[in-house]
There are 2 protein chains.
Amino acid sequence: MVTINDIARRAGVSRTTVSRFINESGYVSEKARENISRVIEATGYVPSEQAKSLRLKRTKVIGVVIPKISTETMSRVVNGMDEILQQEGYQILLASSSLDKQKEIEQLKLLESRRVDGIILVATNREPELLEAVKNLSVPVVAVGQHLPEISSVVYNDYEAAKSLTKEILHAGHTKIGFIGVDEADYSVGVLRKKGFLDALKENGCSVETGWMQTASFSISAGEEAAARLLEQSKTLPTALLAVTDRLAVGAMQTLRKEGFDLPGEMAVAGMGASDMSAYVTPALTTVDYYYEEAGKVSAGILLKAITGHAKKVEKSQMDYRLLKRDSLR
Amino acid sequence: MVTINDIARRAGVSRTTVSRFINESGYVSEKARENISRVIEATGYVPSEQAKSLRLKRTKVIGVVIPKISTETMSRVVNGMDEILQQEGYQILLASSSLDKQKEIEQLKLLESRRVDGIILVATNREPELLEAVKNLSVPVVAVGQHLPEISSVVYNDYEAAKSLTKEILHAGHTKIGFIGVDEADYSVGVLRKKGFLDALKENGCSVETGWMQTASFSISAGEEAAARLLEQSKTLPTALLAVTDRLAVGAMQTLRKEGFDLPGEMAVAGMGASDMSAYVTPALTTVDYYYEEAGKVSAGILLKAITGHAKKVEKSQMDYRLLKRDSLR
DNA sequence: CAGACATGTGTGATCGATTCCACAATGTGC
DNA sequence: GCACATTGTGGAATCGATCACACATGTCTG
C-alpha cells in the first residue's frame, strides 16, 4: 500500500508539502502541485483515513448496535440513520447483538475500542447491566426505542399508540378484545404497549379474560402459536385481537384462517409497526405507523449535535405515530 | 481517553509491559500483573483498536457495499455475512450506494481509504466503470449477485431458477404467460431471469405477445403499475404471470384483485426471492428461494479465505435455489 | 565456575498521517 | 538599503499501540 512518504519521495518534496496539497492547507508552489498530482495519479494513492484518525482523534465512524439485522424495522431505522450520517461524511459500523444481552454490552465495548465518534444503541431492554455499560462509555450515545435514564433517547410513543389503536377497536364496536404481547424485559413493546391496551379498556369499562392475554416472541410463527393458545384457553372468545407487532398479527391471522374464522367478520385483527406486508395480507392489516426511518434520522441528528458539542447534554425525543385503518378491523 | 502510557505510568511499569499483559505475550511478574490490572480496572481503559490497526496493518473490519439498506434481501444477506464475520472477530462497515452507480464507486474508494481488510460488494450492475474501480482496489473483494470477471463472485442461479419456475407454470397447464421484469442494467435480475423465462417458453414452443412483457423498478407499486400496463396492452390476456421479484408479484396481485380477477383461477402468479411476505399474502405466492442468508455466509467465507491467503485467486460460487410451490399457481 | 537458559523489564523504532515551528527566498514600502 | 510581509518548504513531534532487541537477574548443568 503506497503511503504519503512514497508520494513525497517520488515527487521530490517532503511529506508535509504533500499533506498540504491534499488538504489544501498552506502554500504549495505550482511546480510542486504538478509533481505531486502526477505521482498520486500514477500510484493510485489513497490517504489512510486510519492514520488520519489516530492523529486527529476522530474517526468519522458511528457505531450502531441493533438486536438483529434481518428485521424490517431495523433495516428501516438504519436506513434513516445512514441517510443523515452519509451527508456529514460519517460511515456506519454495524454491530448486531443477536438479541443476546451479554453480547449487546460486548458490542458497546468493541465499538468504543474502535474509537467510533458516537454510538446509536437500538435497545431492547433496560437492564441495570446495560445502563451501567452505557454510562461507562466515553463516547456520546443515543438510545433508540427505549427510554434510558440520563441518556439521549428517541422513543416511539408506544403507550399512546397502543391506547389509540385499542380505542379504535372499541370504537368499532368490539368489547371483548384479545391481546398478543411480548416479554416485559422489552419495556417499550412488552410493558408500554400492554399498558396502553389495558388502560384504554379500563377507561371504557371493559375487562379481559386471562386466556385472552398471550405472550410470544417476535416471529410470525410465534404469532400463530399464541393465537392457537388464545383460542384454546378462552372460555368465551373475543371478537377482536390486538397484536403488538405486525408479524404477530399476521401469524395470528394465519391460525385464525386455518381454524375457519371469517376475517374480519368473526374476528377483527390489528397489529403495530406498519410493516411492508401489512398492506398486502388479506384482509389488509390495521396497524400503527411509527415512522421508523424518521426515528433513525432523528437519532442520527441528535448524535451529530452531541458530537459537535452543539447540544443539550441529554435530549429526549418522542416520535409521532399514525393510525392506518384497513380492512382487518371493522 | 486513557491510553496505554497512562496505564504504564500509574502502574509504575513501561508501556511494553502493559502491552505484554494485555496480549498475554512474554513474561510479566505477578506483582506487575496486579498493579496493571488494578489500574486498568480503575480507569476503565480500553486499548485503541485504531492504533493497533495502524501498527499491525489490519483493521478487522470488512466493508460491505449494498445498493439499499432497507430491503429484505439486503438485510438477509448482510445478516448472513455478519454471522460468519463476527465469529472471526470482524466487524462490518456499511456503505450504501442508494442505487447510485457513481456513489457505489465512491463508497469503494472510501472503504479502501479506511483500510478495511476486505470488501464485499453486492452489485447491481456490471458497468465498465465499476469493474475498473474494483480492479484498482488493493484489498480483496468478493462480489455478490453479479458475476464480475476476474473477481471472486457469489451468484444466484438466476437463469436456471427462472427457467425452472417457468417450466413449473407451463407444467400447470398455462401456455400464455405474462412477464414483469426489471431494467437490463441489472444483469442477474434484468437479463438472466428474463432469458430463463424466454428459453423455457421457446423449448416448449410457446410464444409471447409484446404487451405481455413489462419492465418495472423494484417496488410493490411498480408491480401494480406494470400489471395495469400489461392488462391494458394485451390483445389476448395471459393466464399466468411471472414477476422477477416477490414485491413485483405482490403488486401485480394487488392490481389484478382490484380489477376483479379471481386469483389464481383467472390468473396464476409467481414471484422470485421467497420474501417473508410471500407466504402470507392471499393466495400464498409461489416463488423461488435463493437462500440469501447462505449467500451472505458463503461470500464472507470466501473473503476470509482470501484475506488469510488460503484461497484460490478467484473463486466463483453459485448458490442453489428451491422452488416453493404455493396457492398462487395452480 | 563458566556458559546456557529461563524470567522479567525497558528503550526506541515503527505504522501513516497532521501540524507547529523554523527558516529561506523574494518582493515591497519607506 | 533596511525592516517586514508574503510565499514556499521541511524537520520533528505527535497520536497509541507493537515488537525487536538489549540488558539484567537468578538458576541449572556439565
Side-chain angles (χ1 to χ4, degrees), chain A residues 1-37 39-40 43-61 89 109-117 138-139, chain B residues 1-37 39-40 43-61 89 109-117 138-139:
Chain A
M1 184 76 63
V2 27
T3 77
I4 196 172
N5 285 305
D6 302 330
I7 303 299
R9 199 174 329 111
R10 293 183 53 166
V13 296
S14 77
R15 65 177 175 287
T16 309
T17 306
V18 178
S19 172
R20 269 192 288 258
F21 171 81
I22 292 168
N23 299 298
E24 293 171 347
S25 60
Y27 303 106
V28 181
S29 66
E30 198 48 48
K31 221 181 81 200
R33 293 196 118 73
E34 270 169 34
N35 279 333
I36 296 171
S37 116
V39 174
I40 287 182
T43 53
Y45 165 66
V46 183
S48 163
E49 189 59 43
Q50 201 191 162
K52 206 161 158 171
S53 292
L54 178 61
R55 178 67 223 250
L56 298 181
K57 294 172 167 300
R58 61 119 191 86
T59 52
K60 286 275 174 177
V61 172
K109 281 266 167 218
L110 201 54
L111 290 174
E112 187 181 22
S113 82
R114 292 207 187 276
R115 300 294 187 263
V116 293
D117 290 344
S138 48
V139 237
Chain B
M1 186 74 65
V2 28
T3 78
I4 196 171
N5 285 305
D6 301 330
I7 303 299
R9 199 174 330 111
R10 292 182 55 164
V13 296
S14 76
R15 65 182 180 288
T16 309
T17 306
V18 178
S19 173
R20 270 193 286 258
F21 171 81
I22 293 167
N23 299 298
E24 291 172 349
S25 59
Y27 303 105
V28 180
S29 66
E30 198 48 50
K31 219 180 84 204
R33 294 197 117 72
E34 270 169 32
N35 279 334
I36 296 171
S37 116
V39 174
I40 288 182
T43 54
Y45 166 66
V46 183
S48 163
E49 189 59 44
Q50 201 191 160
K52 209 162 156 170
S53 293
L54 178 62
R55 177 68 224 249
L56 299 180
K57 293 171 167 302
R58 60 118 190 85
T59 52
K60 287 273 175 180
V61 172
K109 280 269 167 215
L110 200 54
L111 290 174
E112 187 181 23
S113 81
R114 294 207 187 275
R115 300 294 187 264
V116 294
D117 291 345
S138 49
V139 237

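Order of the sequence lines fixes the chain letters, A, B, ..., with proteins taken first and strands second; residue numbering starts at 1 for each chain.
- Listed by chain and number, the residues in a side-chain contact (heavy atoms from CB on, under 4.5 Å) with A:Arg10 are A:Val39, A:Thr43 (sequence neighbours excluded).
- Nearest-nucleotide positions on DNA chain D for A:Arg115 and A:Gly26 put A:Gly26 closer to the 5' end.
- For the pair B:Asn23 and A:Lys31, nearest-nucleotide mapping onto DNA chain D gives the more 5' position to A:Lys31.
- In this structure, A:Thr16 reaches the bases: a heavy-atom distance under 4.0 Å links it to at least one base atom across the strands shown.
- Set against D:dG10, D:dG16, C:dC15, the side chain of B:Lys57 has C:dC15 as its closest nucleotide.
- B:Glu49 has its CD atom 14 Å from the C1' atom of C:dC15, to the nearest Å.
- Taking only side-chain atoms of A:Arg20, from C-beta outward, the nucleotide of D:dG10, C:dA6, C:dG16 with the closest atom is D:dG10.
- One can place NZ of B:Lys52 at 13 Å from C1' of D:dC19, the figure rounded to the nearest angstrom.
- For the pair A:Glu30 CD and D:dG8 P, the computed distance is 9 Å after rounding to whole Å.
- If you check C:dA17, C:dG10, C:dG12 against the side chain of B:Arg15, the one that comes closest is C:dG12.
- In the set D:dT9, D:dA17, C:dT9, the nucleotide with an atom closest to the side chain of B:Val28 is C:dT9.
- Residues A:Leu110 and A:Ser113 meet the side-chain proximity criterion, which asks for heavy atoms closer than 4.5 Å.
- Per the geometry, CD1 belonging to A:Ile7 stands 12 Å off C1' belonging to C:dG16, to the nearest Å.
- Residues B:Thr3 and B:Ser48 are not in side-chain contact: their nearest non-hydrogen atoms beyond the backbone lie 4.5 Å or more apart.
- B:Glu49 and B:Arg58 are joined by a salt bridge, as a carboxylate oxygen and a charged side-chain nitrogen come within less than 4.0 angstrom of each other.
- Judged by distance alone, the side chain of B:Asp6 and the main-chain N or O of B:Val2 form no donor-acceptor pair under 3.5 Å.
- No donor-acceptor pair closer than 3.5 Å links the side chain of A:Arg115 to the backbone N or O of A:Val61.
- Applying the 4.0 Å criterion to OP1 and OP2 of C:dT7, one finds that B:Ser29 has every side-chain N and O outside that range.
- Side-chain atoms of B:Arg33 stay outside donor-acceptor range of the base of C:dG8, with no qualifying N/O pair under 3.5 Å.
- Of the side-chain N and O atoms in B:Tyr27, none sit less than 4.0 angstrom from OP1 or OP2 of C:dG8.
- Following rounding to the nearest Å, A:Asn5 (CG) and C:dT14 (P) show an atom-to-atom distance of 11 Å.
- Residue A:Ser14 places at least one side-chain N or O closer than 4.0 Å to OP1 or OP2 of D:dG10.
- Toward the 5′ end of DNA chain C lies the nearest nucleotide of B:Thr17, the other residue of the pair B:Thr17 and A:Ala51 mapping further downstream.
- Between A:Tyr45 and C:dA17 there is a side-chain N or O to OP1 or OP2 distance below 4.0 Å.
- The CZ atom of B:Arg9 sits 15 Å away from the C1' atom of D:dA17 (whole-angstrom rounding).
- For the pair A:Gln50 CD and C:dT14 P, the interatomic distance rounds to 18 Å; values are reported in whole Å.
- Rounding to whole angstrom units, CG of residue A:Leu56 and P of D:dG16 are separated by 12 Å.
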